[in-house]
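Here's the structure, in structure tokens; my notes come after.
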2 protein chains.
Amino acid sequence: MKLYCQKSYLTNALNNVSHALPARTTNKILEGILVEVKDNEMTFTSTDTNITVKTRIGIDGNGEADFVVPAKKFISIASKLPEEEVILEFDNEKSSLSIKSGKSCSHLITFPADEYPKVMVQSSENPISLNKESFRKMIRKTAFSASSDEMNGVLTGVLLEIKNKMIKMIAVDTFRLAVYEDPAETDENVSVIIPAKLLTESSKVIPDEGDDQLHLSITDNKVVMDFDNNRVVINTLNGNFINYEKIIRRDGTIKVRVKKEDLLASIDRASLMATVQTNNLIKWTIKEDTLEMNSLSEEGIIDESVEIIKEGEDLNIGFNYKYIMEILKVIDDEEIILHMKDSLSPCLITPLQGEKYLYLVLPVRLN
Amino acid sequence: MKLYCQKSYLTNALNNVSHALPARTTNKILEGILVEVKDNEMTFTSTDTNITVKTRIGIDGNGEADFVVPAKKFISIASKLPEEEVILEFDNEKSSLSIKSGKSCSHLITFPADEYPKVMVQSSENPISLNKESFRKMIRKTAFSASSDEMNGVLTGVLLEIKNKMIKMIAVDTFRLAVYEDPAETDENVSVIIPAKLLTESSKVIPDEGDDQLHLSITDNKVVMDFDNNRVVINTLNGNFINYEKIIRRDGTIKVRVKKEDLLASIDRASLMATVQTNNLIKWTIKEDTLEMNSLSEEGIIDESVEIIKEGEDLNIGFNYKYIMEILKVIDDEEIILHMKDSLSPCLITPLQGEKYLYLVLPVRLN
């Protein structure tokens, strides 16, 4: 088998499959990438058995072949090829893939394709079509709020709900919650829990350009995403998600309207004096049209002041700055509303109007 | 004491002194920066006792003060100040420095200045004036070749030689050597060994802009560099430097003229298959007008080919790619000459003409 392809397509495809390579594995073959050549297409597959990425590129050449090639070496060689035109040649007898470009020629050992696990599944016949850009955005807005502690079971996942022509992602950890929703042009109903880490990896495969649509299928404990020349398959989490609507109490009478960038910049500075010993505590004193903020350590104090428009009582409340910061960093709006009740009740963060997104953070008890 | 200064000057000064902060120390006071205010100037000093950096900025305000302030916090607070105008206020009774900018106000605890060690020395009355840019360049071209093994004594240093209106820096490790020379407009003679790591740190303080000159003094086991608003003092190394001229044998009859970028790019690719087990070996086969290069591991082979103009015999020779790469990365010339004798003798690297720079690398013995 001998074929010609473009370096930029090759490196892009390898970058995509790199997101499913196992960080550590005792199964040697999973350190490789499965390569299949057929009908002027070259398909690359990698998996850590929980997430699988398959991506294909067009090639010039004929013949069929399939083999497994060491992933790390293939990726680093491809990224450094001197010219855009690449010639790949597979020698079945010698179990060798040669990669030629300009005056550079590499030979990589290969392994038989039939040693690679059969992990890929078919998508359903009637997948749900979703807006690709919206889907990727929702992952960025919610997945960070899921638990990173494997002991927390379903809370390490993002709940994906599609119903009433709306798509919603929800992530909940011990001290916070994130909900984001967008319209979806489908009559289907879906409720599935996808591991947050793997969902985030999949979002890195979703390109800016290309098709508008992403096609989603749910089949026996797997979610299948098809977009452009890629397929991503993730094992879903079994179990019942927490009844998150019950956690969200909308009884706060204090509403603070604030410029997101001002609040973020002040927290960023105040965070310099926050310490792990105090649970990363920053204190807020909300009074009239000002949110005073301060943090304290053995080495000093930082005082910040942010302009606000307030409804309701004054309030003293404390937060672990990391939780608030992570939320503010994924919000694109210029202004937001903080909804609070008292110094022990959760703070809700929403847009000025409606609840396209809703974040909840538990405060830190003040002494 | 209350004074006004510019954020950009303050952060620049703090960045300069950061290069002399100890990485680890049991002497708590050295984790601070000594700040002295007098005559519309503010001076910052830090030291790890082997290198001292002192830098000053102009300020607006009056009064005198001196105190020590926690370095890490001061540096990170300054870098995040919201506005260019900064107000610093020192309260001696409260041992507190306040840093105000816009709506942000930080208070840092301070320590008495007299707890800070007296490390700064005077420069000599007749320092040697050198071209600042040339001095910084020479450090980049040589210091990387010094030994990083503290057991190697003077070889962890760079030999600075000034004589016959020439300035020279020389660094030698077990497997390599670097020499770089420039004209110097001075009649002085100098021969001093400066720790390579600290010399490299000092070069990071030397700015692109500002004065053309750097003033060098050697006083009792210290080298003092004055430039712009900075003074850097480094403890020199005692001992006799190796007789490096003796190591450099100019009896190679094989001369290879090559484009530096071509050679570097090929080594960069070939390095992907080089392994620690083989001492990072890449093999060169020099034949007629081609330098063939290859590297080998369990996972495959990389073959590279570089155009050359050769004088002398053909040759097979092997190198630890890291040594060659580090040299090529600091050479700015488009073309260079490799001088070789046989597969066991060192390779010399020089410009097309003369020996403004000379690098030497020992080959790896081929099996």
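A, B, ... follow the sequence lines: proteins, then strands. Residue 1 opens every chain. Values below: all heavy atoms of this structure, side chains included; hydrogens, waters and symmetry mates excluded.
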Surrounding NZ of Lys283(B) (heavy atoms of other residues, nucleotides or ligands, distance under 6.0 Å), is the total greater than 12?
no
Does Lys259(B) have more than 12 heavy atoms from other residues, nucleotides or ligands lying within 6.0 Å of its NZ?
no
Give the minimum heavy-atom separation between Ile302(A) and Ser106(B), together with the two atoms involved.
CG1-OG, 3.5 Å
Counting heavy-atom pairs under 4.5 angstrom with chain B, the leader among Cys105(A), Ser98(A), Pro70(A) is Cys105(A)
Can you say whether Ser295(B) sits under 4.5 Å from chain A via the side chain, the backbone, both, or neither, judging by heavy atoms?
neither
Please check if the number of heavy atoms outside Glu115(A) that lie under 6.0 Å from its CD is greater than 12.
yes
Largest heavy-atom contact set with chain A, pairs under 4.5 Å, which of Leu108(B), Leu97(B), Leu272(B):
Leu272(B)
Looking at Lys322(A), I want to see if its NZ is surrounded by more than 12 non-hydrogen atoms of other residues, nucleotides or ligands under 6.0 Å.
no
Let's test your reading of the structure: which of Gly300(B), Pro82(B), Ala265(B) forms the most heavy-atom pairs below 4.5 Å with chain A?
Pro82(B)
Note: His107(B) and Met273(A) closest approach over all heavy atoms is O-CE, 4.1 Å
Step through the shown structure and confirm whether more than 12 heavy atoms of other residues, nucleotides or ligands are within 6.0 Å of NZ on Lys255(A).
no
Examine whether an atom of Ser96(A) lies under 4.5 Å from a heavy atom of chain B, and if so say whether it belongs to the side chain, the backbone or both; otherwise answer neither.
neither
Rounding to 0.5 Å, atoms NZ (Lys103(B)) and CD (Glu307(A)) come to a distance of 3.5 Å
For atom CD of Glu84(A), is the number of surrounding heavy atoms from other residues, nucleotides or ligands below 6.0 Å larger than 12?
yes
When only pairs under 4.5 Å are counted, which of Lys100(B), Met293(B), Arg269(B) shares the most heavy-atom pairs with chain A?
Arg269(B)
